[in-house]
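To keep things clear, I will list the structure first and then write my remarks on it.
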Amino acid sequence: MKKILLVAATVALSIGSVQANPYMALGCAGCHGGAGQGASAPALAGKDASWIVQQLKDFQSGARKNATMNAMAGMAAGQEQAIADFLASK
Ligand code: HEC
């Protein structure tokens with residue numbers, strides 16, 4: 001019984017953190033790594049939050065061009081700061 005409760009609590013916790021964390025929810029981790037450590041795409045962990053927000057805005061406006069990121073940054077609209085804070089804390 002204790003084990004079942006523990007599993008239920010762990011599942012609830014991980015669902016909660018996905019919702020609270022647009023970086024994970026939007027699939028950014030698939031290319032940039034679960035902790036922003038970099039994978040097929042550049043590392044973002046520990047970057048200055050304001051710099052990350054600016055890159056996302058530049059991808060959105062087209063001032064910075066990359067087909068993948070122009071699309072991904074559009075999906076992140078309104079959540080730039082939450083994403084940047086998450087990555088800056090890594
Ligand atoms: C399909 C793969 C992929 C996904 C998914 C993806 N990215 Fe990227 N991202 C890239 C690539 C490739 C680059 C490098 C673009 C370039 O060379 O300009 C990049 C660049 C970036 C940069 C600039 C990094 C630098 O060093 O200049 C930021 C910030 C960023 N991505 C954030 C995100 C966020 C936030 C998400 C989720 C909303 C996301 N990315 C999802 C592939 C991806």
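Below, all heavy atoms of this structure are taken into account, side chains as well, without hydrogens, waters or symmetry copies. All ligand and atom numbering here is 1-based and tracks the order in the structure.
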Handout entry: Note, Q81 side chain near V53 side chain (heavy atom, < 4.5 Å)
Key = yes
Handout entry: Residue that, paired with Q55, satisfies side-chain contact (heavy atoms from CB on, under 4.5 Å) out of R64, M69, K47
Key = R64
Fill in the blank from the handout: Note: K47, heavy atoms under 4.0 Å from ligand 1, region reported as neither
Completion exercise
In short, A73 meets L56 closest at the heavy-atom pair CB-O, 3.6 Å
Practice task
Consider ligand 1: state whether an atom of it lies below 4.0 angstrom from any non-hydrogen atom of G30.
Solution key: no
Exercise for the section: Only protein N/O/S atoms count here: give how many lie under 2.8 Å from atom 8 (Fe) of ligand 1. Expected result: 2
Practice task
Please name the pair of heavy atoms, one in G30 and one in S40, separated by the smallest distance, quoted to 0.1 Å.
Solution key: O-OG, 4.5 Å
Practice task
Give the minimum heavy-atom separation between K90 and A45, together with the two atoms involved.
Solution key: CB-CB, 3.8 Å
Exercise for the section: Compare all side-chain heavy atoms of I83 with those of L44 and state whether any distance is below 4.5 angstrom. Expected result: no
Practice task
May I ask you to list the atoms of ligand 1 that are less than 4.0 angstrom from any heavy atom of I83?
Solution key: 35 (C)
Problem - Donor on one side chain, acceptor on other, Q54 and E80, under 3.5 Å - result: no
Practice task
Return yes or no for this condition: an N or O of Y23 is under 3.5 Å from an N or O of ligand 1.
Solution key: no
Practice task
Using non-hydrogen atoms of the residue, decide whether Q79 is closer than 4.0 angstrom to ligand 1.
Solution key: no
Practice task
If you have a sec, work out which protein heavy atom is nearest atom 25 (C) of ligand 1 and how many Å separate them, to one decimal?
Solution key: W51 CH2, 3.4 Å
Practice task
Considering the heavy atoms of G27, write down every atom of ligand 1 situated less than 4.0 Å from one of them.
Solution key: 5 (C)
